[in-house]
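Inspection log for the structure reproduced underneath, given as structure tokens.
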Amino acid sequence: MAKWTPTHEAPEPLEGPVVATITGGTIVWFVLFLVQLPFYGWFDDHGHTWWLWTCLAGGGLGLIGIWYVRKRDAAIKRAERAA
């Protein structure tokens with residue numbers, strides 16, 4: 001098991017425009033859902049309706065992600081001001 005022990009320190013996590021990234025991804029999921037919606041009949045005939053519901057679930061989870069990263073960003077800024 002010793003051979004799997006890392007010999008160097010882990011790098012610092014990257015910080016970037018997290019809120020914008022999550023918001024953009026959420027918009028993409030909803031756009032994909034809306035683009036596929038007119039073809040529901042085709043998806044249903046071929047057993048691929050899960051594609052639509054996957055996009056809708058991605059958009060819904062993205063909304064939760066937006067809420068989460070906005071709260072996280074606000075907490076980080078509060079901590080910086082307090083320090």
Side-chain angles (χ1 to χ4, degrees):
M1 193 65 139
K3 68 179 182 177
W4 298 109
T5 304
T7 57
H8 59 281
E9 210 169 298
E12 290 292 320
L14 297 174
E15 289 294 331
V18 180
V19 176
T21 302
I22 301 301
T23 302
T26 302
I27 290 169
V28 167
W29 279 115
F30 279 126
V31 167
L32 287 172
F33 173 74
L34 292 174
V35 166
Q36 293 178 11
L37 199 55
F39 304 102
Y40 183 84
W42 184 89
F43 286 117
D44 193 32
D45 291 344
H46 293 86
H48 295 304
T49 54
W50 64 271
W51 288 7
L52 283 113
W53 306 128
T54 300
C55 294
L56 188 60
L61 290 172
L63 291 175
I64 295 169
I66 291 169
W67 172 80
Y68 179 82
V69 296
R70 288 185 72 213
K71 293 287 186 180
R72 177 184 177 269
D73 195 38
I76 290 171
K77 288 179 182 173
R78 272 195 314 271
E80 287 175 355
R81 281 193 306 257

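- Rounding to the nearest 0.5 Å gives a distance of 8.0 Å between CD1 of Ile22 and CD1 of Ile66.
- At a threshold of 4.5 Å between non-hydrogen side-chain atoms, the residues Asp73 and Val18 do not count as touching.
- A distance of 14.0 Å separates NZ of Lys71 from CD1 of Ile76, quoted to the nearest 0.5 Å.
- Ile27 and Trp51 are members of different hydrophobic clusters when ILVMFWY side chains are connected at heavy-atom separations under 4.5 Å.
- In this structure, Val31 is not a member of the same hydrophobic cluster as Phe39, with clusters built from ILVMFWY side-chain heavy atoms closer than 4.5 Å.
- Taken from NE2 in His48 to CH2 in Trp53, the straight-line distance is 15.5 Å, to the nearest 0.5 Å.
- Shortest non-hydrogen contact noted between Cys55 and Leu32 is SG-CB, 3.7 Å.
- Rounding to the nearest 0.5 Å gives a distance of 4.0 Å between CZ of Phe43 and CD of Gln36.
- Here Leu52 contributes atom CG and Leu37 contributes atom CG; the two are 6.0 Å apart, rounded to the nearest 0.5 Å.
- The structure places OG1 of Thr54 at 11.0 Å from CZ of Phe33, a figure rounded to the nearest 0.5 Å.
- Residues Trp50 and Phe30 share a single hydrophobic cluster, defined by chaining ILVMFWY side chains whose heavy atoms lie under 4.5 Å apart.
- Within a 6.0 Å radius of CH2 in Trp42, more than 12 heavy atoms belonging to other residues, nucleotides or ligands are found.
- A continuous path of ILVMFWY side-chain contacts below 4.5 Å connects Leu56 to Tyr40, so both sit in one hydrophobic cluster.
- By the 4.5 Å heavy-atom criterion applied to side chains, Leu61 and Ile64 are counted as neighbours.
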